[in-house]
Chemist: 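For reference, the structure I am asking about is given below.
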Amino acid sequence: MSKTYEFLKLCDFFILTTINDSAPAARPFGATMEYEDELYFSTANTKDVYSQLIKNPSIQIVAKRVEIREWIRIDGKAIEINDLSIKQIMLDICPVLLKHFASNECNYFALFKILEMKSSLYTANGIVSLN
């Protein structure tokens with residue numbers, strides 16, 4: 001398990017920021033997984049975030065641990081993945097998603113993998129690159 005994923009799992013949620021035309025758009029997410037050393041998140045293809053990701057895949061994720069002053073910033077490109085086996089793994093790892101997506105074949109279940117990821121951890125002792 002990477003230090004980036006390990007940190008995200010310690011947070012209740014993370015903020016995903018996309019580009020909405022020329023302005024940033026941020027919203028909370030909770031479900032993430034690491035599979036074969038890659039970080040994934042999901043959404044519905046009916047949401048604005050999906051359209052924004054398709055138009056411009058540049059993202060930033062920020063998450064902070066509640067109990068201490070440590071936070072993480074992740075930059076990268078979100079690329080949609082249509083592999084049903086990986087979608088099933090996401091549902092297995094994050095069963096809360098079953099409230100939104102009945103199965104890995106749900107026609108509005110969108111899964112994204114983060115490529116070109118750069119991750120930095122901010123602590124009281126300074127900034128640590130996690131790549």
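Hydrogens, waters and symmetry mates play no part in the numbers below; they use all other heavy atoms, side chains included.
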Chemist: Are the side chain of Lys87 and the backbone of Phe109 linked by a donor-acceptor contact shorter than 3.5 Å?
Modeler: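 It does hold such a pair.
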
Chemist: Run the numbers on Asp75 and Ile59 for side-chain contact (heavy atoms from CB on, under 4.5 Å), then give the verdict.
Modeler: CA-CA 6 Å; Asp75 294 290; Ile59 62 152; over 6 Å; no

Chemist: In Å, rounded to the nearest 0.5 Å, how long is the span from OG1 of Thr4 to NZ of Lys9?
Modeler: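 Answer for the OG1-NZ pair, Thr4 versus Lys9, is 14.0 Å.
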
Chemist: Look up atom CG in Asn45 and atom CG in Leu53, then write down how far apart they are to the nearest 0.5 Å.
Modeler: 11.5 Å

Chemist: Cut-off 3.5 Å, side chains only: do Ser58 and Asn56 have a donor facing an acceptor?
Modeler: yes

Chemist: I want to check something: taking the side chain as every heavy atom from C-beta on, are Lys64 and Tyr122 in contact at a cut-off of under 4.5 Å?
Modeler: no

Chemist: In the single-linkage hydrophobic clustering (I, L, V, M, F, W, Y; side-chain heavy atoms under 4.5 Å), do Leu115 and Ile72 co-cluster?
Modeler: no

Chemist: Going by side chain to side chain contact (heavy atoms under 4.5 Å, CB included), Tyr40 matches just one of Ile93, Ile89, Thr32, Ile86. Which one?
Modeler: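 One option only clears the test, and that one is Ile86.
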
Chemist: Which pairs with one or both residues in residues 12-23 pass side chain to side chain donor-acceptor pair (under 3.5 Å), sequence neighbours excluded?
Modeler: Thr18-Arg27, Thr18-Gln52, Asp21-Lys55

Chemist: Any side-chain heavy-atom pair from Leu8 and Leu39 closer than 4.5 angstrom?
Modeler: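 Side chain of Leu8 against side chain of Leu39, heavy atoms only: contact under 4.5 Å found.
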
Chemist: Identify whether Ile54 and Phe41 are in the same connected component of the hydrophobic contact network (ILVMFWY, side-chain heavy atoms under 4.5 Å).
Modeler: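 Yes, Ile54 and Phe41 fall within the same hydrophobic cluster.
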
Chemist: Tell me whether Glu34 contacts the main-chain N or O of Ser2 through its side chain, where contact means a donor paired with an acceptor under 3.5 Å.
Modeler: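 Yes, Glu34 side chain to Ser2 backbone: donor-acceptor pair under 3.5 Å.
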
Chemist: Of all the heavy-atom pairs spanning Asp92 and Pro95, show the shortest one and how long it is.
Modeler: O-CD, 3.7 Å

Chemist: How many angstroms lie between NZ in Lys3 and OG in Ser119, if you round to the nearest 0.5 Å?
Modeler: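 Answer rounded to 0.5 Å: 11.0 Å.
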
Chemist: Pair Glu80, Leu111 - check side-chain contact (heavy atoms from CB on, under 4.5 Å), show working.
Modeler: CA-CA 6 Å; Glu80 187 172 14; Leu111 183 65; over 6 Å; no

Chemist: Under 4.5 Å between side-chain heavy atoms, hopping through other hydrophobics if needed: is there a path connecting Val62 to Phe112?
Modeler: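 No, separate clusters.
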
Chemist: What's the shortest heavy-atom distance between Tyr50 and Ala44, and which atoms?
Modeler: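 The pair with the smallest heavy-atom distance is CB-O, 3.5 Å.
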
Chemist: With a 4.5 Å cut-off on side-chain heavy-atom distances among I, L, V, M, F, W and Y, is there a chain of contacts connecting Ile127 to Leu130?
Modeler: no

Chemist: Report the C-alpha separation of Met90 and Tyr35 in whole Å, then their side-chain angles, then the decisive distance to 0.1 Å, and conclude whether the side-chain contact (heavy atoms from CB on, under 4.5 Å) test is met.
Modeler: CA-CA 9 Å; Met90 182 72 170; Tyr35 176 68; over 6 Å; no

Chemist: Verify the cluster assignment for Tyr108 and Leu97: are they in a single hydrophobic cluster under the rule of side-chain heavy atoms below 4.5 Å apart?
Modeler: yes

Chemist: How long is the straight-line distance from NE2 of His100 back to OG1 of Thr46, given to the nearest 0.5 Å?
Modeler: 11.0 Å

Chemist: Is the shortest heavy-atom distance from the side chain of Arg73 to the side chain of Trp71 under 4.5 Å?
Modeler: yes

Chemist: Taking atom CG of Asp48 as the centre, report whether more than 12 heavy atoms of other residues, nucleotides or ligands fall under 6.0 Å from it.
Modeler: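 Not more than 12 within 6.0 Å, no.
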
Chemist: Decide yes or no on side-chain contact (heavy atoms from CB on, under 4.5 Å) for Ser42 and Phe29, but give the supporting numbers first.
Modeler: CA-CA 9 Å; Ser42 65; Phe29 273 67; over 6 Å; no

Chemist: Are Met117 and Ile74 side-chain neighbours, meaning at least one heavy-atom pair lies under 4.5 Å?
Modeler: yes

Chemist: Quick check for you: to the nearest 0.5 Å, what is the distance between Lys113 atom NZ and Met33 atom CE?
Modeler: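 Spacing of NZ (Lys113) from CE (Met33) equals 10.0 Å.
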
